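Computed from a predicted structure; not experimentally measured. As the structure lists them, so they are numbered: ligands from 1, and atoms in each ligand from 1.
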Amino acid sequence: MAKDFTAELVACFGDPVRENPTGVMVEAAFRACGLNWRYLTIHVPSVNLRDAITGVRAFGMRGANLTIPHKVAVIPYLDEIAPDAALIGAVNTIRREGDRLIGENTDGKGFLRGLRQDAGTDPKGKRALVLGAGGASRAIVAELALAGAADILVLNRSSQRGEAMVSDLVRKTGAPIRFQNWQDTFRVSSSVDLLVNATSVGLFPDINSMPPVDLASASPGMLVCDAVPNPPDTALLRTARLFGLRVLDGLSMLVHQGVIGFRMWTGIDPPEDVMKDSLKSSLA
Ligand code: NDP
């Protein structure tokens, strides 16, 4: 049989992107599945994004991830946007269908998959409190809404950003999503089932900061989730444990969004433990 020395390619485009560990986990899964595929982490400044997507087409790449600041800017360069990526208004994953590049958003889906698989929690009928109104919050709130959460309260420092996000998602989903401005420490009431930190508070190098929430009155059954992946053991999760609350870290969301993307690109279910272990050691 003729030898084939070519590899299938996927990439991550971002700026900055040097500290993005996704490639380690996806490459580990390629190896574990015996696939001759490569995941390239590439610094792409905004001014070069259009050319980078032309490169995806020219190289016949199988897909890509987009990170800051490209998740919204990439949309005009794609052939189609999947319905929930359109709802979220951002694309973090590109997959190829023939010659067409389809924009997907796996951030919120990854969060939900982790919630169900790693924390054994179905958001349907749950009352959620989501901190932050940036890209991660928008993806998480949209998926919680689609999954039938009974009430979603979004807190954000900047009212303008929070109100705009909530009114847009209420209009598009009809779900019970509310906004409240967040300046002082917020007392989490006993009616909340699920608290999600989707702010960047706690992210490296700001590792000892905690979002201003008071957990003293929280229900003992409340689950505390943090989207911050680095470090995974954030001050919020450490505090939640002191109150005896269950926690779910940001590695869960990161691994599960990677699992969903891997399946979109390759059609194969990757070994999740291999992906999680490689990610943990790359962040250690
Ligand atoms: P954005 O920059 O889009 O949003 C940041 C959010 O954090 C805003 O709501 C901002 O509020 C809020 N915020 C920042 N600093 C403070 C502060 N000191 N006090 C209160 N609120 C603050 O970021 P992303 O949404 O893209 O990312 C948010 C987090 O989610 C990051 O830690 C990121 O690493 C993580 N993430 C994790 C993923 C995973 O797979 N685990 C995937 C994607 C993101 P304001 O609007 O008032 O400025």
Below 3.5 angstrom, do we get any N/O pair linking Val201 and ligand 1?
no
Does an N or O anywhere in Arg161 fall below 3.5 Å from an N or O of ligand 1?
yes
Where on Leu131 is there a heavy atom closer than 4.0 Å to ligand 1, on the side chain, on the backbone, on both, or on neither?
neither
Strictly by modelled atom types, are Glu104 and Thr93 linked by a side-chain donor-acceptor pair under 3.5 Å?
no
Between ligand 1 and Ala133, is the shortest N or O to N or O distance under 3.5 Å?
yes
Using a 4.0 Å cutoff against the non-hydrogen atoms of Gly250, which atoms of ligand 1 qualify?
41 (N)
Would His256 and Asp118 count as having a side-chain donor-acceptor pair, cut-off 3.5 Å?
yes
Can you confirm whether something in the protein, heavy atoms only, sits under 4.0 Å from atom 34 (O) of ligand 1?
yes
The protein heavy atom nearest to atom 4 (O) of ligand 1 is Gly134 CA, 3.4 Å
Per side-chain contact (heavy atoms from CB on, under 4.5 Å), Thr22 is matched among Thr41, Leu279, Asn65 by Asn65
Would Ile68 count as a polar contact of ligand 1, with the cut-off being nitrogen or oxygen pairs under 3.5 Å?
no
Salt bridge between Arg263 and Asp269, side-chain N to carboxylate O under 4.0 Å?
yes
Salt bridge or not for Asp151 and Lys126, using N-O below 4.0 Å?
no
Side chain to side chain donor-acceptor pair (under 3.5 Å) partner of Lys71, the single match among Asn92, Asn105, Asp107:
Asp107
Please determine if Arg171 and Asp168 form a salt bridge, counting it only when a charged side-chain N lies under 4.0 Å from a carboxylate O.
yes
Can we say Arg57 and Asp99 salt-bridge, meaning some charged N sits less than 4.0 Å from an Asp/Glu carboxylate O?
no
Full working for side chain to side chain contact (heavy atoms under 4.5 Å, CB included) between Phe111 and Val196
CA-CA 10 Å; Phe111 172 74; Val196 186; 3.7 Å; yes
Side chains of Ser209 and Asp206: is there a donor and an acceptor less than 3.5 Å apart?
yes
For atom 37 (C) of ligand 1, what's the nearest protein heavy atom and its distance?
Ala227 O, 3.1 Å
If you count the atoms of ligand 1 from 1 in the order shown, which ones are under 4.0 Å from a heavy atom of Gly132?
9 (O)
Before accepting this row, confirm whether a basic side-chain N of the pair Arg113/Glu143 lies closer than 4.0 Å to the acidic partner's carboxylate O.
no
Would you say Val228 has any N or O atom under 3.5 Å from an N or O of ligand 1, going by distance alone?
no
Ser158 heavy atoms within 4.0 Å reach ligand 1 at atoms 46 (O), 47 (O)
Quick check: is Val141 connected to Leu195 through a chain of hydrophobic side chains (ILVMFWY, heavy atoms under 4.5 Å apart)?
no
Can an N or O of Ala136 be found at a distance shorter than 3.5 Å from an N or O of ligand 1?
yes
Give the numbers and elements of all ligand 1 atoms closer than 4.0 Å to a heavy atom of Pro229.
34 (O)
Check each atom of ligand 1 against the heavy atoms of Asp107 and keep those under 4.0 Å away; list them by number with element.
42 (C)
To which protein heavy atom is atom 16 (C) of ligand 1 closest, and what is the distance rounded to 0.1 Å?
Arg157 NH1, 3.3 Å
Please tabulate, one pair per line, all N/O donor-acceptor pairs under 3.5 Å involving side-chain atoms of residues 222-236, not counting sequence neighbours.
{"unit_1": "Asp226", "atom_1": "OD1", "unit_2": "Asn197", "atom_2": "ND2", "d": "2.9"}
{"unit_1": "Asp226", "atom_1": "OD1", "unit_2": "Val228", "atom_2": "N", "d": "3.0"}
{"unit_1": "Asp226", "atom_1": "OD2", "unit_2": "Thr234", "atom_2": "OG1", "d": "2.8"}
{"unit_1": "Asp233", "atom_1": "OD1", "unit_2": "Arg241", "atom_2": "NH1", "d": "3.4"}
{"unit_1": "Asp233", "atom_1": "OD1", "unit_2": "Arg241", "atom_2": "NH2", "d": "2.6"}
{"unit_1": "Thr234", "atom_1": "OG1", "unit_2": "Leu237", "atom_2": "N", "d": "3.3"}

Do any nitrogen or oxygen atoms of Gln257 come within less than 3.5 Å of a nitrogen or oxygen of ligand 1?
no
If you have a sec, work out which protein heavy atom is nearest atom 23 (O) of ligand 1 and how many Å separate them, to one decimal?
Gly135 N, 4.6 Å
Closest candidate by heavy atom, reference atom 9 (O) of ligand 1, pool Leu251, Asn197, Asn156, Leu203:
Asn156
Can you tell which part of Thr199 has a heavy atom less than 4.0 Å from ligand 1: side chain, backbone, both or neither?
both
Side chains of Asn181 and Ser159: is there a donor and an acceptor less than 3.5 Å apart?
yes
For atom 39 (C) of ligand 1, what's the nearest protein heavy atom and its distance?
Met253 CG, 3.6 Å
Using a strict cut-off of 4.0 Å, indicate which atoms of ligand 1 neighbour a heavy atom of Ala198.
28 (C)
What protein heavy atom lies closest to atom 14 (C) of ligand 1? Include the residue and the distance to one decimal.
Ser200 OG, 3.4 Å
